[in-house]
Amino acid sequence: MIAEVIVDVSTYHVDRPFDYQVPAEWINVIEAGCRVKVPFGARNVLGFVIGLKKETDIPLHKLKPITQILDMEPVLTEEMLQLARWLKNHTICYEIDALQVMLPSALRAKYEKIIKLQAPQSLPEEVQAIFGKRQQANFKEFERAGLLPLLKQLVAQESVTIDNVVKQQGNVKEIRMVKITEDQHLIEKVIEQSSRAVKQRLLLQWMCQHLGEVLSPQQIYDETGVSSAVLEAVIAKGAAQFIREEVYRDPFTKEVSRTHSLQLTEEQLVALQAITAAMEQPKGQTFLLHGVTGSGKTEIYLQSIQKVLEEGKEAIMLVPEISLTPQMTERFRSRFGEMVAVMHSGLSVGEKYDEWRKVQQGKVKVVVGARSAIFAPFTNIGLIILDEEHESTYKQEDSPRYHARDVAIWRSGFYQCPVILGSATPALESYARAKKGVYTLLSLKHRALHQTLPTVFIADMREELRQGNRSMFSVSLIEAMRLRLEKKEQMVLFLNRRGYSSFVLCRDCGTVVQCPNCDISLTYHRTTEKLKCHYCGYEEHIPQTCPQCQSDHIRYFGTGTQKVEEEIYKLFPEARVLRMDVDTTRHKGAHEEILQTFGEGQADILLGTQMIAKGLDFPNITLVGVLSADTSLHLPDYRAAERTFQLLTQVSGRAGRHNKPGEVIIQTYTPEHYAIELAKTQDYEPFYEREMFLRRRSSYPPYYFVALVQISHEDVMMAAEYAGRVADWLRGNLSNQAAIIGPTTASIARLQNRYRYQCLIKYKIEPNLIPVLQRLLAMYRAEWIKQGILMTVDLDPSTI
DNA sequence: AGCACGCCGACT
DNA sequence: GTCGGCGTGCTC
């Protein structure tokens with residue numbers, strides 16, 4: 001039998017199946033989807049069996065046998081293998097990358113080179129030192145000692161050999177348990193033998209009451225009061241034995257109480273019924289659940305999943321990484337208990353592997369997770385949900401550049417089950433598809449508890465400036481904050497920026513201190529008193545004088561969360577502020593701690609960036625302040641207005657979710673911009689119409705599709721030249737329906753010392769797009785790459 | 001990718 | 001005359 005294997009080598013040369021001989025003893029064991037170890041060239045690599053066949057065209061002398069099978073049960077189902085093929089063709093990636101992305105990293109291979117000692121006599125001293133008393137050593141040890149040339153000699157004279165070994169990282173966690181024998185006579189016999197050992201007799205008599213049970217050693221010590229020495233003696237005599245038991249690492253630290261379905265509103269009921277009706281139909285149908293913030297989308301998800309479970313099927317629930325808070329996961333765990341697995345980046349490799357195994361072994365029926373959870377290895381999916389479907393985190397930024405929404409719809413087609421895309425502010429593409437009837441639109445226009453939407457006030461910061469207010473807070477925001485502090489209500493202040501972006505500026509010559517590797521201003525970090533580059537990690541000490549003109553008139557500009565915090569204390573010394581940003585949430589669980597502290601009312605003001613925009617649901621929040629709505633509005637991206645509107649609507653939704661009415665104050669220098677004006681009414685429809693008009697006029701999605709080709713080189717001229725060639729090639733090979741924009745410099749023109757250019761393709765129907773791009777990539781690999789060019793292709797990029 | 005094979009310059 | 005530099009090409 002012959003196995004078709006995709007090898008774990010991520011290059012285009014080997015991006016195809018290789019045939020291997022299946023050794024006779026494994027013919028009945030091996031299946032498509034198993035991982036195997038195979039010899040490949042001069043080394044051993046991991047590979048995935050994607051098919052089995054009787055014959056091969058490969059000449060026999062070339063055909064090699066599989067070294068080892070790593071899985072008795074396939075780790076990838078037939079569905080996954082098909083999905084990988086689809087990903088490969090639709091995102092233009094290597095098949096191996098598509099396969100790897102579907103598995104937990106614990107199942108990825110680790111490669112090691114082991115040096116084995118063959119002739120211990122006559123070794124040079126320095127080599128002797130490395131081996132010590134061992135028979136083998138690691139290649140890295142030789143490398144570190146700088147003995148690679150010597151090693152080569154030793155291999156030549158056959159004193160040592162080099163083995164390439166493939167290791168698995170994924171380890172099943174085991175604990176040691178004690179199994180008491182079921183045979184009472186055996187225990188009685190042991191008791192007779194132990195006439196002088198009082199403690200042992202005590203333990204044995206206790207064991208008579210617990211025949212056949214499996215207990216942890218600790219439980220036995222606790223119950224009987226004997227020590228480990230006594231237990232071991234008894235085990236040595238055969239009355240019990242140690243066994244190893246597989247356990248799952250438990251990422252949940254606290255117990256939750258069970259909750260039950262809530263009463264639905266009329267609107268919610270209509271939506272739920274449409275979804276459950278679709279479950280009866282054997283077809284993949286996509287719903288767009290468009291509901292204002294606080295309209296109770298989550299309850300619809302929960303009850304839909306309930307229905308899926310009753311039918312004996314499984315459900316996947318995706319949420320953006322950032323909102324995968326304990327608040328969210330607890331809601332699921334309290335409804336479905338042990339049926340839920342959680343997958344997100346906060347788990348360790350081992351924990352992720354265990355959650356994955358729970359799914360694979362059918363121990364759970366529901367997965368709640370971030371983007372990659374879309375690959376949960378269920379085999380009978382009844383429903384897939386993407387909450388906050390407009391979020392850009394659903395798009396993976398490196399290969400395979402897949403969008404979880406597309407994978408969800410693909411899987412729903414495979415399992416003939418519905419998909420729910422939920423959002424208060426759907427992606428324009430999704431809403432357009434719903435209007436066209438490609439998706440089924442479900443609307444929730446009212447908040448579930450009949451709270452009114454918060455009132456939104458736009459503060460014109462230009463006017464404030466004219467009035468002589470040069471602080472970062474408008475008069476109305478200060479007043480609103482003062483009121484909340486008096487009434488002991490809570491508020492959230494949102495800084496619409498990544499991290500906190502203070503930069504350093506010389507007041508004499510206007511120089512802003514830049515990163516030496518990237519065209520980006522360095523960011524001032526107060527805690528470390530350093531300047532950092534957010535893109536390449538470069539950091540330096542704060543200069544005392546301007547690097548350009550040596551002037552000592554250096555000033556820190558811009559507004560960061562730290563700066564805001566200081567300002568708040570100046571205005572309200574008694575206020576208790578909790579800051580939530582990249583700095584305060586670095587360690588594991590910090591996110592949760594801050595939210596819990598705030599939820600318990602131990603602070604008045606929660607101050608933060610993007611990460612507080614979502615999922616926050618505390619009854620006492622009555623004020624939301626957006627300090628600067630403009631920052632995301634002026635990004636060079638056709639989605640800038642959409643992003644801003646979404647963000648403003650999201651943060652506004654944090655206020656007044658329970659019985660106290662909410663107020664939102666948005667500060668801006670461009671109050672007349674439609675994204676800000678329309679965020680005031682939190683009305684999606686007018687925004688949609690307005691934005692669609694602009695998208696149509698400039699031929700952007702949803703009217704056109706876009707694809708992005710990025711080109712970079714250490715030398716500007718080279719980068720520009722090859723970017724030009726890309727544009728010319730595309731113009732020559734695509735239809736004249738397609739518009740090629742560029743080459744233009746990327747929004748960050750230089751990153752890590754590479755100059756970056758890009759070409760944007762806008763197209764409507766372009767059946768040859770993928771083949772043309774593949775030919776372009778082939779050209780790049782064959783020639784350009786040698787010149788130091790780096791090129792990437794992203795179909796449907798999330799940012800441009 | 002990573003490894004072997006293979007063909008030309010600086011050393012014993 | 002050999003060691004070792006890294007260009008080229010293949011991996012079932």
Side-chain angles (χ1 to χ4, degrees), chain A residues 1-24 26-27 30-70 81 84-85 88 92-101 105 108-116 124 138-140 142-143 146-167 169 398-400 774 777-792:
Chain A
M1 179 156 7
I2 308 295
E4 294 181 281
V5 175
I6 299 287
V7 291
D8 180 18
V9 179
S10 195
T11 343
Y12 69 103
H13 292 119
V14 295
D15 185 29
R16 62 191 161 86
F18 284 82
D19 289 352
Y20 284 89
Q21 178 76 50
V22 179
W26 291 331
I27 284 176
I30 201 159
E31 281 180 71
C34 286
R35 292 171 309 147
V36 288
K37 247 188 244 182
V38 290
F40 191 65
R43 61 211 161 116
N44 289 301
V45 296
L46 182 136
F48 291 90
V49 177
I50 58 157
L52 294 164
K53 57 187 183 182
K54 290 256 149 56
E55 285 167 17
T56 175
D57 300 332
I58 300 300
L60 268 174
H61 69 274
K62 277 192 165 184
L63 196 69
K64 291 180 187 172
I66 287 171
T67 316
Q68 199 189 333
I69 300 192
L70 292 168
L81 296 175
R85 192 64 60 83
K88 174 182 179 176
I92 317 188
C93 69
Y94 304 130
E95 194 158 343
I96 187 66
D97 290 339
L99 292 167
Q100 301 268 31
V101 80
S105 56
R108 267 171 229 167
K110 227 172 71 187
Y111 298 97
E112 243 172 43
K113 273 189 274 187
I114 302 286
I115 317 298
K116 281 196 179 142
N138 202 304
F139 183 82
K140 287 214 179 88
F142 279 82
E143 205 172 21
L147 296 176
L148 293 188
L150 189 53
L151 180 62
K152 205 169 177 183
Q153 283 177 24
L154 294 175
V155 174
Q157 68 192 54
E158 296 182 344
S159 299
V160 301
T161 52
I162 300 181
D163 271 17
N164 287 296
V165 296
V166 182
K167 278 194 172 174
Q169 305 177 283
D398 42 56
S399 178
Q774 270 163 346
L777 281 165
M779 211 158 77
Y780 152 72
R781 287 163 188 152
E783 294 160 39
W784 302 5
I785 206 164
K786 287 187 220 118
Q787 310 291 315
I789 296 282
L790 272 183
M791 187 175 93
T792 59

Fill in: Ion pair check, A:D19 and A:K53, cut-off under 4.0 Å
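Looking at A:D19 and A:K53, the cut-off is met.
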Mind calculating the distance between [atom1] ([X]) and [atom2] ([N]) to the nearest angstrom?
X: A:Q787; N: C:dG7; atom1: CD; atom2: P; answer: 14 Å
X: A:Y94; N: B:dA1; atom1: OH; atom2: P; answer: 7 Å
X: A:I6; N: B:dA1; atom1: CD1; atom2: C1'; answer: 16 Å
X: A:F139; N: B:dG2; atom1: CZ; atom2: P; answer: 12 Å

Worksheet item: How would you list all residue pairs meeting salt bridge (charged side-chain N to carboxylate O under 4.0 Å, His left out) that involve residues 30-47 of chain A, not counting sequence neighbours?
Response: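 Listed once each, the pairs are A:R35-A:D71.
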Discussion item. Applying side-chain contact (heavy atoms from CB on, under 4.5 Å) to A:R108 and A:Q100, what does each step give before you reach the verdict?
Written reply: CA-CA 7 Å; A:R108 267 171 229 167; A:Q100 301 268 31; 3.0 Å; yes
Can you give me the N/O atom pairs linking the protein to nucleotides 8-12 of chain C at distances under 3.5 Å, or say none if there are none?
{"from": "C:dT11", "atom 1": "OP1", "to": "A:K62", "atom 2": "NZ", "distance (Å)": "2.9"}
{"from": "C:dT11", "atom 1": "O3'", "to": "A:G41", "atom 2": "N", "distance (Å)": "3.0"}
{"from": "C:dC12", "atom 1": "OP1", "to": "A:Y20", "atom 2": "OH", "distance (Å)": "3.2"}
{"from": "C:dC12", "atom 1": "OP1", "to": "A:P39", "atom 2": "O", "distance (Å)": "3.2"}
{"from": "C:dC12", "atom 1": "OP2", "to": "A:K64", "atom 2": "NZ", "distance (Å)": "2.3"}
{"from": "C:dC12", "atom 1": "O3'", "to": "A:D19", "atom 2": "O", "distance (Å)": "2.7"}
{"from": "C:dC12", "atom 1": "O3'", "to": "A:K64", "atom 2": "N", "distance (Å)": "2.7"}
{"from": "C:dC12", "atom 1": "O2", "to": "A:D19", "atom 2": "N", "distance (Å)": "2.8"}
{"from": "C:dC12", "atom 1": "N4", "to": "A:R16", "atom 2": "NH1", "distance (Å)": "3.3"}

Fill in: ring pair (Phe, Tyr, Trp, His ring centres under 6.0 Å) involving A:Y780 - partner list, sequence neighbours excluded
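Listed in chain order: nothing, the list is empty.
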Fill in: Rounded distance [0.5 Å steps], NZ in A:K88 versus CD1 in A:I96
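Rounded to the nearest 0.5 Å, the NZ-CD1 separation comes out at 10.5 Å.
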Discussion item. Around atom CD1 of A:I27, are there more than 12 heavy atoms from other residues, nucleotides or ligands closer than 6.0 Å?
Written reply: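 Atom CD1 in A:I27 is packed in, count exceeds 12.
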Worksheet item: Contact class for A:T11 vs. all strands (heavy atom < 4.0 Å): base, sugar-phosphate, or nothing?
Response: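 Base contact.
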